[in-house]
Amino acid sequence: MAELNPPQQEAVTHIHGPLLVLAGAGSGKTRVITRKIVHLIREQQVAPGHICAVTFTNKAAREMKSRVGEALQGHNSRGLMVSTFHHLGLQILRKDIERLGYRGNFSVIDPGDSLGMVRNLLREANGPSDLAEAIQSRISRFKNDGVFPEEARADDRLGQEAAHIYTTYQRSLSACNAVDLDDLILLPTRLLQDDAEARYAWQDRIRYLLVDEYQDSNGAQYRLIKSLLGTRHNLTAVGDDDQSIYSWRGAAAGNLDRLAQDFPNLKVVKLEQNYRSTGRILQAANMVIAQNPHFFEKRLWSTLGDGHSIRALRCANEADEAEQVVNAILRDRFQRQGEYRDYAILYRSNHQARPFETALRNARIPYQISGGLSFFERSEIKDFLSYLRLLVNPDDDPAFLRAVNTPRRSIGSSTLERLGAFAKERNLSLFAALWDDALDVPDKARIALHGFAGWVNLKTDEIGKTELIPALQSLPEEIGYLQYLQNEGDEKDAARRWENIQELLNWMQRLQEQDDGPQTLAEILNRLMLFNVLEREEDDDRDVLRLSTLHAAKGLEFPQVFLVGAEEELLPHRNSETPEQIQEERRLFYVGMTRARFRLTLSLCRKRRRYGQDVHPEPSRFLQEIPKEHLDWQGDQNPEEEMDPTAAFARLREMLGKP
DNA sequence: AAAAGGCTATTTTTT
DNA sequence: ATAGCCTTTT
């Protein structure tokens with residue numbers, strides 16, 4: 001096992017009381033957390049069940065778990081909790097949600113369903129339903145800030161509307177016995193705040209709490225952390241304020257200094273030795289980030305030598321940019337006989353990926369792109385999951401609405417409207433309401449509804465009795481979904497969708513087979529809701545180039561990074577105006593730079609097409625913040641000393657106003 | 001129930 | 001420019 005440097009050692013062996021580890025980019029923060037867990041178990045004889053490590057992503061949790069497993073070398077780790085914040089919340093709710101007035105078979109609904117709910121509520125309140133998204137995100141913001149419905153206040157119209165809808169939205173959720181993703185944090189907060197018995201139980205369970213990427217925590221998560229700590233204060237918070245790039249989602253990097261105020265005996269350790277990047281990259285990154293105000297000062301250093309200068313490419317336009325970058329990669333890979341996965345192209349916003357995709361396809365370079373449709377947004381997956389959700393929790397209205405007519409069961413919209421109104425009136429779920437004799441619908445509709453609901457009940461019984469996954473295997477066919485797919489689109493499409501469903505079933509099986517994995521359908525489903533992509537380990541092994549937004553690149557590293565579109569209006573983004581927003585853009589730039597191990601290339605265009613118009617972007621201000629001696633302009637394309645013949649020619653043509 | 005037309009947005013999205 | 005989404009139309 002690699003030796004720890006002195007500050008790392010200090011962080012690992014500080015056992016009692018609150019600790020903040022300021023971990024610069026590439027300074028080995030994951031190593032500190034994993035080693036500390038191992039230290040607690042092996043040297044301090046702490047039972048693994050009393051240790052809880054929290055991350056933000058499933059991937060980080062998975063990695064940490066496997067690294068701890070390796071380092072423990074057979075030491076028992078039974079009961080050790082290494083999970084995402086949301087998974088921790090889910091575990092708390094799984095045990096205690098009944099104390100909050102929900103029934104045990106609750107479902108977690110996806111953001112799409114939650115938007116639909118908001119839309120319906122707005123319609124009922126005859127508010128403007130085109131604002132549903134804005135309202136939903138304000139509600140989500142309330143929840144992320146740790147604000148309960150009755151506490152929600154706002155200064156602006158939209159916020160007040162959102163505060164109002166928040167209350168009714170929460171009531172609808174609870175009528176469906178459902179929670180949304182934000183509730184996985186907020187409800188546990190409420191539980192621990194209001195219910196002393198539960199609070200003590202959880203505080204006794206979690207005696208050592210370690211939080212990764214602490215700068216990304218939001219107000220609700222901070223509240224949750226504090227409640228879990230009780231009086232013991234055994235917190236290890238690891239984070240880097242310079243990598244806080246999610247403030248627009250409610251992340252509060254201020255949670256770092258807040259620790260210093262809330263815990264007077266807070267111990268602070270700085271990790272400043274960087275093991276990732278060569279000197280010039282680091283010095284440049286330091287200079288850039290030094291332009292931001294700091295509560296804690298850090299200065300990264302490295303023993304890896306100066307390395308290359310930072311290369312800067314000035315390109316004629318976005319197509320040229322893509323071509324130059326791809327050519328540079330092809331050339332370099334050929335020279336080194338390296339792999340595609342050694343290179344990453346990073347950009348501020350998704351649309352910038354387009355020209356790069358084209359260029360990569362032309363060059364036959366395999367790539368993987370961040371973002372895109374998540375597995376769970378595919379309609380066949382949503383359909384199938386609706387059925388499963390209904391089997392667990394028939395009161396799940398969004399699931400009911402989707403499943404009841406997919407495939408069509410000749411239940412018309414007027415029937416569903418009547419059912420909805422009736423259910424609302426009596427405060428029942430749709431499923432409960434459809435049995436009521438007082439429901440006024442045509443006999444034909446009633447029979448259809450009863451038929452469907454009866455099937456749900458039968459199937460629920462059936463899967464309770466047999467092996468779970470095989471029982472589900474036959475479900476798509478049983479409901480005529482296969483037929484439906486074939487009627488819908490062409491054959492190839494139907495086959496692909498069918499395979500996606502099989503893929504989902506395989507995944508459920510894998511989850512079930514994990515150590516302390518979810519067992520019942522309810523557990524598996526709720527666990528699934530916390531993923532957004534289909535996770536397969538073999539995906540990590542593919543030799544593909546990475547195209548990614550700067551946001552999605554956080555936490556990753558690559559031998560070579562191409563940070564493209566280093567232009568004003570793009571990075572910093574044109575919507576960022578306030579000093580705080582510019583600072584966040586700067587952190588984004590900093591995150592991009594520090595992903596690179598030994599070669600960093602920046603690129604920018606002279607001309608770019610935006611909303612159908614040609615614009616001539618200025619070089620990003622962040623470029624000016626890099627010391628000149630570290631910047632190596634390719635050709636003589638330095639913006640100050642123009643210019644390269646081809647670019648000059650391009651520019652001339654452009655001035656003459658021709659293609 | 002499907003097609004067509006029109007309108008609007010167009011930053012980032014760990015769960 | 002363009003795509004995606006919503007409404008209206010047939």
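All values below were derived from every heavy atom in this structure, side-chain atoms included, with hydrogens, water molecules and symmetry-related copies excluded. Here is the naming used below: chain letters follow the sequence lines, and residue numbers restart at 1 for every chain.
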**Report entry** Among B/dT11, C/dA1, B/dT14, the nucleotide that comes nearest once only the side chain of A/Arg609 is considered
**Finding:** C/dA1
Starting from [atom2] on [N], measure out to [atom1] on [X] and report it in whole angstrom.
X: A/Arg348; N: B/dT10; atom1: CZ; atom2: C1'; value: 13 Å
X: A/Lys143; N: B/dT15; atom1: NZ; atom2: C1'; value: 13 Å
X: A/His351; N: B/dT12; atom1: NE2; atom2: P; value: 8 Å
X: A/Tyr611; N: C/dA3; atom1: OH; atom2: P; value: 15 Å
X: A/Arg119; N: C/dT7; atom1: CZ; atom2: C1'; value: 13 Å
X: A/Gln243; N: B/dT14; atom1: CD; atom2: P; value: 17 Å
X: A/Phe531; N: B/dT14; atom1: CZ; atom2: P; value: 14 Å
X: A/His551; N: B/dT11; atom1: NE2; atom2: C1'; value: 8 Å

Query raised in the report: Distance between the P atoms of C/dC5 and B/dT12, in whole angstroms?
Result: 15 Å
Query - Same-atom distance (P) from C/dG4 to B/dT11, integer angstrom - result: 15 Å
Query raised in the report: Starting at the 5' end of DNA chain B, what dot-bracket string do you get if Watson-Crick and G-U pairs under 3.5 Å are bracketed, crossing pairs use [ ], other-strand pairs use | and unpaired bases use dots?
Result: ||||||||||.....
Query raised in the report: Do A/Arg402 and A/Asp396 sit within salt-bridge range, that is, some charged N less than 4.0 Å from a carboxylate O?
Result: no
Requested in this report: Report which part of the nucleic acid A/Phe85 touches: base, sugar-phosphate, or nothing (heavy-atom distance under 4.0 Å, all strands).
Outcome: nothing
Query raised in the report: Considering only heavy atoms from C-beta outward, does the side chain of A/Cys176 approach that of A/Met117 to under 4.5 Å?
Result: yes
Report task. Return the stacking result for B/dT11 and A/His573: yes when the ring centres lie under 5.5 Å apart and the planes under 30°, no otherwise. Result -> yes
**Report entry** Near-parallel close stack of A/Trp248 and B/dT11 base (under 5.5 Å, under 30°)
**Finding:** no
Query raised in the report: Starting at the 5' end of DNA chain B, which residue's closest nucleotide do you reach first, A/Met529 or A/Leu588?
Result: A/Leu588
Query raised in the report: In terms of the nearest nucleotide of DNA chain B, which residue is placed more toward the 5' end: A/Arg249 or A/Arg574?
Result: A/Arg574
Donor on one side chain, acceptor on other, [X] and [Y], under 3.5 Å:
X: A/Arg223; Y: A/Gln193; result: yes
X: A/Asp145; Y: A/Asn218; result: no
X: A/Ser27; Y: A/Arg276; result: no

Query raised in the report: So A/Phe622 and A/Phe589, would you call those rings parallel, tilted or perpendicular, with 30° and 60° as cut-offs?
Result: tilted
Report task. Could you check whether the rings of A/Phe142 and A/Tyr166 sit parallel, tilted or perpendicular, using 30° and 60° as the cut-offs? Result -> parallel
Can you find a side chain N or O atom of [X] that sits less than 4.0 Å from OP1 or OP2 on [N]?
X: A/Arg354; N: B/dT10; answer: no
X: A/Asn350; N: B/dT11; answer: no
X: A/Thr549; N: B/dT13; answer: yes

Report task. Using atom types as modelled and distance alone, determine if a side-chain donor or acceptor of A/Asp183 lies under 3.5 Å from a backbone N or O of A/Val179. Result -> no
